[in-house]
Amino acid sequence: MLTRFVSEDNMIRYATGALLATYAGLTSADTIDNSLASLEGLLLGDNIPAVVTPARVEQPRVEVSSTLSVLSGEFIRRSNVQYVEDLLFYVPGFYVGPYWNSYRKVVAYHGTEKDRFRRIQVLVNGRSVYSSAYARVDWASLALSIEDVARVEVNRGPNASSYGSNSFLAVINIITRSPMETLGSDLAFATDDQGNRRMYAQHSGLSGNWSYRVSASRGTVDGYARKGDGDPRNDGHVQTSGNMFFLYEDNKQKVDIDIGAANLAADVEFYEVPGVSYDNTRPVLDRDREHIKVSWEVDQSAQHTLRAQYYYDRSERIEDHDIDVYGMVLNQLFAQDLPVNEIYKGHLVSDLDENRHDVEVQSIWTPTSDYRLVNTLSYRQDRVSSKTYFDGDYKEELFRASTNLSYRAFDPLIINGGVMYEHSKLTGDYTSPQLGATYKLTQQSSIRANISQAYRVPDLYDQKAKWSYVFNGIRSIPAYSTGIPAEKITSYEVGFYHNIPTLGLSYDISAYREKLTNLSGSNKKYEDAIEDGGLLTPNESYAFTIDGIEAELDWRSAQGTLLRATIAYQDTKTNEEDIIETVAPFVTTLFASIPVSDSISINSRYIYGKEVASYDHEFLSLWLAYRMVQGSNTFTAGLGGNTRLDNNPYIRVNNVTEDKTSVFMFANVSF
């Protein structure tokens with residue numbers, strides 16, 4: 001099938017061939033000695049890149065038994081991506097895009113859902129950011145600026161033995177920069193000719209053992225203008241966020257404090273319901289979100305490190321539709337006895353308040369270089385309040401205990417194993433095991449095998465929803481959720497990783513099989529409410545198997561050329577047509593940044609997705625960047641263009657771009 005996909009789209013072959021030819025030419029022009037000199041900023045310790053996500057402790061990537069992708073800080077800066085979630089298109093198996101609105105992006109791995117993807121764990125500096133009620137990630141409301149990000153590590157595949165429920169298909173770990181890396185001030189601005197613009201500012205300082213950063217950003221997106229049938233859309237949003245990050249370090253301990261707040265103000269779709277009209281008003285959404293996280297790490301000895309962490313996350317969301325409604329509609333939904341042709345004015349409002357407390361203690365014991373044990377205990381409390389979705393308050397409590405062991409059985413063979421036990425107040429007990437082995441062929445290459453099992457514990461909406469329309473403060477006849485079992489996945493994967501420092505090159509190839517059962521769709525509907533109180537559907541569960549191959553390549557030359565290429569193919573076996581429509585069976589991305597002088601570089605990205613929610617997606621971007629350094633001051637600017645090479649909607653039929661080509665510019669000054 002892979003051959004068929006590639007042969008159907010000559011653009012893939014031509015783009016790939018051109019970039020690989022460029023790569024080969026540049027490689028031949030570089031010397032091995034220069035390549036070695038260019039690697040100092042890319043490697044962590046002993047010339048082997050280190051990662052922290054798989055076992056929650058730093059370890060050489062060559063010894064990891066799970067499949068991992070790392071987006072480095074240099075790649076992030078050069079990619080000119082404006083929002084963190086868009087980076088994930090450069091991870092094999094992911095696709096990213098808007099669904100109902102421009103602000104409501106889907107970040108999906110291996111498909112299974114289009115509307116609200118709930119099966120990945122997302123962490124920011126160790127703090128889980130998925131919603132308490134829906135178990136989804138609302139990317140547009142995160143208090144996070146891409147300029148503050150040091151790197152993104154993605155554990156592709158389940159890792160519930162380290163992170164627990166929701167670490168189902170993947171774990172995304174977003175790690176921000178230390179204030180020591182951003183000392184001074186930065187101002188940045190980006191805009192294009194389609195109504196998108198963004199501003200960012202930060203200042204970092206140092207006082208004794210303390211360092212700090214204060215940053216803020218504001219992004220405006222005009223959104224889609226029209227639907228697929230030509231009717232106008234009500235789309236667009238503004239997101240504003242701010243962060244304060246404080247870090248204390250001495251030779252034995254580290255304390256970090258992360259405080260953030262964000263606001264999302266968005267236009268939302270009109271309700272298209274007979275008997276409902278808007279009379280020149282537009283529905284809007286407003287969401288406020290804030291968090292505080294405190295963590296402490298102390299080295300009790302050369303062999304033992306203790307970590308403790310607490311965070312609090314709160315979100316308040318309200319969506320308001322100022323509408324006119326015929327009495328006939330109110331009679332049906334609200335069990336009223338009103339004149340059927342009378343028009344009633346009012347506000348149809350949906351509200352949702354969520355908050356989370358999470359406390360965790362972790363012990364890292366390394367008695368010898370061949371043995372490491374990581375033990376973790378945690379408690380989480382999720383509380384929601386909503387007249388729309390729950391008709392009151394609900395609380396969920398989750399207790400967790402996990403242990404993860406890394407053991408060097410003999411010199412080239414490393415065994416990685418772990419297990420997580422979870423007790424959910426609402427849904428009971430779950431155990432998620434993982435076992436992997438890595439065989440080091442050399443100090444820079446290894447083959448690996450891994451088997452893991454994970455659950456997605458049903459969220460509060462799955463278990464306790466009492467969903468209603470709320471018009472002028474009055475609830476309609478409610479629809480109730482009936483409760484669902486936990487979703488389950490068993491994953492098998494093998495892979496090969498090779499790092500070649502002399503060439504500045506690394507690549508990874510993996511193959512996997514995932515067996516998923518008890519999956520519940522997110523597209524629950526308000527059904528049969530008029531007759532009998534109704535249900536939130538669907539109640540049926542799904543089961544299917546995914547087989548796939550994924551590969552990625554990173555290259556950094558002595559002259560500063562940066563190349564990243566990814567490819568992913570998956571074959572999903574199921575009888576459920578709705579599931580097949582969520583799968584992008586073939587996705588490839590290419591990114592190249594090539595310096596042509598000390599101050600000017602040419603940059604390009606290419607993204608192709610085969611049948612992303614049934615539509616092919618093809619995107620090309622090209623820009624010039626200029627960089628000038630004078631003493632401690634740096635000025636960067638760029639000018640370029642984007643073009644859609646396909647003529648399709650993006651993921652959803654109403655996501656239609658009228659102008660397929662756009663021009664953009666950006667500038668940044670550091671001082």
Side-chain angles (χ1 to χ4, degrees), residues 53 71 76 81-89 91 94 96-109 116-154 163 166-167 170-177 188 190 196 198-202 213-221 237-245 256-266 285-293 295 309 311-317 352-356 358 382:
T53 302
L71 303 178
I76 294 171
V81 170
Q82 297 297 312
Y83 298 98
V84 175
E85 60 270 27
D86 293 328
L87 286 171
L88 296 167
F89 238 138
V91 177
F94 276 82
V96 183
Y99 196 72
W100 290 111
N101 305 88
S102 60
Y103 80 89
R104 190 165 157 181
K105 288 184 181 177
V106 175
V107 178
Y109 184 62
R116 187 179 72 244
F117 197 83
R118 306 179 290 170
R119 299 185 175 109
I120 52 177
Q121 176 68 270
V122 180
L123 308 163
V124 179
N125 293 331
R127 174 177 60 90
S128 176
V129 295
Y130 76 80
S131 162
S132 304
Y134 280 130
R136 76 188 188 283
V137 176
D138 191 347
W139 291 92
S141 70
L142 297 184
L144 178 68
S145 299
I146 194 169
E147 291 84 355
D148 294 341
V149 176
R151 69 184 187 278
V152 178
E153 296 184 2
V154 182
Y163 296 99
N166 225 57
S167 309
V171 177
I172 300 170
N173 190 10
I174 301 166
I175 302 166
T176 62
R177 303 160 86 181
N196 304 309
R198 187 172 171 275
M199 297 177 289
Y200 167 82
Q202 76 88 20
R213 177 176 59 248
V214 179
S215 63
S217 65
R218 182 179 177 89
T220 301
V221 176
H237 64 275
V238 178
Q239 55 187 116
T240 307
S241 71
N243 275 92
M244 294 186 292
F245 191 86
D256 68 75
I257 304 170
D258 181 2
I259 303 171
N263 173 262
L264 171 67
L285 176 143
D286 189 80
R287 179 168 182 174
D288 290 312
R289 186 168 182 175
E290 57 270 351
H291 74 266
I292 180 169
K293 192 206 80 166
S295 66
Q309 173 182 288
Y311 70 86
Y312 171 74
D313 192 311
R314 178 177 174 83
S315 168
E316 297 180 353
R317 175 188 181 276
L352 180 63
D353 294 346
E354 306 169 76
N355 66 71
R356 169 178 294 155
D358 189 289
D382 286 324

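- Using a cut-off of 4.0 Å between Lys/Arg side-chain N and Asp/Glu carboxylate O, R151 and E153 are scored as salt-bridged.
- The minimum heavy-atom distance between I120 and V107, with the atom names listed, is CD1-O, 3.5 Å.
- Residues satisfying the side chain to side chain contact (heavy atoms under 4.5 Å, CB included) criterion with A262, sequence neighbours excluded, are A143, S241.
- When side chains are defined from C-beta on, E354 does not count as touching D382, because their heavy atoms never get closer than 4.5 Å.
- At a threshold of 4.0 Å, the pair R177-D148 does not count as salt-bridged, since none of the basic side-chain nitrogens sits closer than that to a carboxylate oxygen.
- Of all non-hydrogen atoms in R287 and S315, the two that sit nearest each other are NE-OG, 2.7 Å.
- Every salt bridge (charged side-chain N to carboxylate O under 4.0 Å, His left out) that K105 has, sequence neighbours left out, goes to E85, D86.
- A cation-pi arrangement, defined by a distance under 6.0 Å to the six-membered ring centre and an angle within 45 degrees of its axis, is absent between R104 and Y99.
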* Any chance you could lay out the side chain to side chain contact (heavy atoms under 4.5 Å, CB included) test for V84 and V124, step after step, and finish with the verdict? => CA-CA 11 Å; V84 175; V124 179; over 6 Å; no
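- Applying the 6.0 Å contact sphere to CZ of R218 captures no more than 12 heavy atoms from other residues, nucleotides or ligands.
- Contact detail for Y103 and A140: the closest heavy-atom pair is O-CB, 3.6 Å.
- Applying the side chain to side chain contact (heavy atoms under 4.5 Å, CB included) criterion to S102, with sequence neighbours excluded, gives V221, D235, H237.
- Rounded to the nearest 0.5 angstrom, Q121 CD and N166 CG are separated by 5.5 Å.
- Under the side chain to side chain contact (heavy atoms under 4.5 Å, CB included) criterion, A188 pairs with E147, Y200, N668, sequence neighbours left out.
- Of the residues R356, K293, R289, the one that meets the side-chain hydrogen bond (donor to acceptor under 3.5 Å, both in side chains) test with D313 is R289.
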* Check step by step if side-chain hydrogen bond (donor to acceptor under 3.5 Å, both in side chains) holds for S295 and D256. => CA-CA 6 Å; S295 66; D256 68 75; 2.5 Å; yes
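- With rounding to the nearest 0.5 angstrom, the OH atom of Y83 is 12.5 Å from the CG atom of L142.
- Checked against salt bridge (charged side-chain N to carboxylate O under 4.0 Å, His left out), D288 has no partners two or more places apart in sequence or in another chain.
- In the model, T176 has a side-chain atom that pairs as donor or acceptor with a side-chain atom of N125 under 3.5 Å.
- Between I172 and F94, some side-chain heavy-atom pair lies under the 4.5 Å cut-off.
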* Intermediate values then yes/no, side chain to side chain contact (heavy atoms under 4.5 Å, CB included), V122 and Y130 -> CA-CA 7 Å; V122 180; Y130 76 80; 6.0 Å; no
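- For the pair N263/D286, a side-chain contact is recorded, criterion being any heavy-atom separation below 4.5 Å from C-beta on.
- Closest non-hydrogen pair, L144 versus N243, comes out as N-OD1, 3.9 Å.
- Judged as a side chain to side chain contact (heavy atoms under 4.5 Å, CB included), and not counting sequence neighbours, the contacts of A190 are Q82, F666.
- For the pair Y163 (side chain) and T53 (backbone), a donor-acceptor distance under 3.5 Å is present.
- Between V91 and Y109, the closest side-chain pair of non-hydrogen atoms is not below 4.5 Å.
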